[in-house]
Amino acid sequence: MSTRIAFLKGHGTENDFVIVPDPDNAIELSPAAVTALCDRRAGIGGDGVLHVVRSAAHPDARAMAGEAEWFMDYRNSDGSVAEMCGNGVRVFARYLQRAGHVAEGDLAIATRGGVKSVHIAKDGDVTVGMGSARLPEGDVTVRVGERSWPARNVNMGNPHAVAFVSDLGHAGDLYSAPPVSPEGAYPDGVNVEFVVDRGPRHVAMRVHERGSGETRSCGTGACAVAVAAARRDGADPAVTGTPVTYTVDLPGGRLVITERPDGQIEMTGPAVIVAEGEIDAEWLENALR
């Protein structure tokens with residue numbers, strides 16, 4: 001291992017990430033290493049790690065190399081691997097732009113949730129094509145303390161349970177995952193969103209992300225919330241033939257979600273690089289002992 005490892009820190013609506021550029025996939029990021037890097041007191045701090053690798057160099061992405069040069073090898077802050085992170089894709093794109101790998105305009109990024117289409121606008125916002133939502137059948141219930149709510153099961157390449165509540169405070173502290181029933185509905189865990197209305201096609205949310213706890217923002221969660229709200233409101237673009245757009249306020253900022261008649265969902269929001277530096281390899285090795 002080299003004595004120092006380059007890193008950057010970035011966020012999308014305050015969903016923050018440690019970015020580790022590694023084009024040739026030469027750095028072994030074990031779950032313990034990811035956890036150490038994401039530790040907000042003893043490490044750099046973040047909701048996850050964006051491992052930047054060329055698709056051709058990573059076994060999970062080689063099949064996508066013909067469509068997307070770069071692969072977002074995303075890890076949650078507990079070291080677990082996640083299929084997708086919507087805010088992470090925007091920050092990943094911003095890093096690629098900063099590093100000179102891409103320019104304003106359109107690009108493709110490979111993820112474990114498939115290849116995502118991205119547009120970097122002149123005004124600084126980044127739009128990500130998030131694919132389409134699946135709405136699995138079956139009733140789901142979310143519980144916090146003595147309260148419980150029916151939830152909408154939405155899959156955005158990762159699983160979500162969306163509960164509409166009267167007060168976001170009812171979500172509790174979200175340090176631990178809210179219980180979801182029936183048992184076994186989400187064998188690999190689930191992201192849980194609590195949602196209140198702010199106005200016509202305007203909602204606010206809090207989220208517990210599996211593997212990370214409550215985060216300031218969740219891109220796939222905002223998409224799931226917009227889809228769930230649209231269906232609750234009787235708006236299905238596949239039926240009406242008209243796109244539907246929801247503004248979603250999160251603790252860390254605002255995202256705009258549009259679902260099109262073909263089912264494709266676009267998410268638009270900011271992405272910021274705030275710092276760059278070097279990880280001391282000796283510190284990292286000591287942190288893993």
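Shortest non-hydrogen contact noted between S30 and L288 is OG-CD1, 4.4 Å. Across every non-hydrogen atom of V162 and A228, the tightest pair is CG1-CB, 3.8 Å. Heavy atoms only, all atoms of each residue included: P237 and P243 are closest at CB-CA, 4.5 Å. Scanning both residues, A235 and R201, for their nearest heavy atoms gives CB-NH2, 4.1 Å. Closest approach of P159 to N191, counting heavy atoms only: O-ND2, 3.0 Å. When all heavy atoms of P21 and L8 are compared, the pair lying nearest together is CG-CD1, 3.7 Å.
In this structure, the side chains of N158 and R210 come closer than 4.5 Å at one or more pairs of heavy atoms. Between T13 and R90 the shortest side-chain heavy-atom distance falls below 4.5 Å. Residues R54 and D22 form no side-chain contact, since every pair of their non-hydrogen atoms from C-beta on lies 4.5 Å or further apart. Residues E69 and H101 form no side-chain contact, since every pair of their non-hydrogen atoms from C-beta on lies 4.5 Å or further apart. When side chains are defined from C-beta on, Y74 does not count as touching T111, because their heavy atoms never get closer than 4.5 Å. Counting heavy atoms from C-beta outward, I265 and M156 have side chains that approach closer than 4.5 Å. For the pair N25/P59, a side-chain contact is recorded, criterion being any heavy-atom separation below 4.5 Å from C-beta on. At a threshold of 4.5 Å between non-hydrogen side-chain atoms, the residues V18 and L50 do not count as touching.
Taken together through direct or relayed side-chain contacts under 4.5 Å among Ile, Leu, Val, Met, Phe, Trp and Tyr, Y95 and L29 form parts of separate hydrophobic clusters. Cluster membership check: L284 shares its hydrophobic cluster with V49, using side-chain heavy-atom separations under 4.5 Å among Ile, Leu, Val, Met, Phe, Trp and Tyr. Taking hydrophobic clusters as Ile, Leu, Val, Met, Phe, Trp and Tyr residues chained together by side-chain heavy-atom distances below 4.5 Å, I273 shares a cluster with L107. There is a path of hydrophobic side-chain contacts, each under 4.5 Å, that joins V227 to F164. Put simply, W283 and I27 are part of the same group of oily side chains (I, L, V, M, F, W, Y) that touch within less than 4.5 Å, one to the next.
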List, one per line, each side-chain donor-acceptor pair under 3.5 Å for residues 249-262, sequence neighbours excluded.
from, atom 1, to, atom 2, distance (Å)
D249, OD1, R254, NE, 2.7
D249, OD1, R254, NH2, 3.3
D249, OD2, H202, NE2, 2.7
D249, OD2, R254, NH2, 3.3
T258, OG1, T245, OG1, 2.8
E259, OE1, R231, NH1, 3.1
E259, OE1, R231, NH2, 3.4
E259, OE2, R231, NH2, 2.7
R260, NH2, E266, OE1, 2.9
D262, OD1, Q264, N, 3.0

Identify each donor-acceptor pair in which a side-chain atom of residues 31-40 lies under 3.5 Å from a protein atom, sequence neighbours left out, and give them as a table.
from, atom 1, to, atom 2, distance (Å)
T35, OG1, P31, O, 3.0
T35, OG1, D78, O, 3.3
D39, OD1, R41, N, 2.8
D39, OD1, A42, N, 2.8
R40, NH1, D16, OD2, 2.9
R40, NH2, D16, OD1, 2.8
R40, NH2, D16, OD2, 3.4
R40, NH2, D47, OD1, 3.0

Could you pull out every donor-acceptor pair under 3.5 Å between side chains of residues 123-140 and any protein atom, sequence neighbours left out?
from, atom 1, to, atom 2, distance (Å)
D123, OD1, D125, N, 2.9
T127, OG1, T268, OG1, 2.7
R134, NH2, N155, OD1, 3.4

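Taking CE from M72 and OG from S55, the interatomic distance works out to 11.5 Å, rounded to the nearest 0.5 Å. Going from atom CZ of R75 over to atom OG of S212 covers 13.0 Å, rounded to the nearest 0.5 Å. To the nearest 0.5 angstrom, R216 atom CZ is 10.5 Å from H11 atom NE2. The distance from the CE atom of M64 to the NZ atom of K116 is 10.0 Å, given to the nearest 0.5 Å. Between the CZ atom in F17 and the NE2 atom in H51 there is a gap of 16.0 Å [rounded to 0.5 Å]. Taken from OG1 in T247 to CZ in R198, the straight-line distance is 12.5 Å, to the nearest 0.5 Å.
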Would you check, one step at a time, whether the test side-chain hydrogen bond (donor to acceptor under 3.5 Å, both in side chains) holds for T215 with E209?
CA-CA 7 Å; T215 58; E209 289 195 63; 2.6 Å; yes

Step-by-step side-chain contact (heavy atoms from CB on, under 4.5 Å) determination, V53 to W70
CA-CA 6 Å; V53 185; W70 295 97; over 6 Å; no

Derivation of the side-chain contact (heavy atoms from CB on, under 4.5 Å) call for I5 and V20
CA-CA 8 Å; I5 302 165; V20 180; 4.2 Å; yes

Begin with the C-alpha distance, continue with both residues' side-chain angles, and end with the deciding distance and a verdict on side-chain contact (heavy atoms from CB on, under 4.5 Å) for H119 and E104.
CA-CA 7 Å; H119 180 80; E104 289 175 358; over 6 Å; no

side-chain contact (heavy atoms from CB on, under 4.5 Å) assessment of V192 paired with V180:
CA-CA 9 Å; V192 182; V180 177; 4.0 Å; yes

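Between F194 and W149, the ring centre distance stays below 6.0 Å.
Look at E214 and R206 and you find a salt bridge, because one of the NZ, NE, NH1 or NH2 atoms lies within 4.0 Å of a carboxylate O, short of that distance. The existence of a salt bridge linking D73 and R112 is confirmed by a sub-4.0 Å separation between a basic side-chain nitrogen and an acidic carboxylate oxygen.
In terms of modelled atom types and a separation under 3.5 Å, the side chain of D280 and the main chain of E282 share a donor-acceptor contact.
In summary, the side chains of D233 and Y246 do present a donor paired with an acceptor at a separation below 3.5 Å, with no hydrogens or angles considered.
The ring pair (Phe, Tyr, Trp, His ring centres under 6.0 Å) check on H170 picks up nothing, with sequence neighbours excluded. For R143, the side chain to side chain contact (heavy atoms under 4.5 Å, CB included) criterion is met by S148, P179, not counting sequence neighbours.
In the hydrophobic clustering, where aliphatic and aromatic side chains (Ile, Leu, Val, Met, Phe, Trp, Tyr) are joined below 4.5 Å either directly or transitively, V274 groups with V272.
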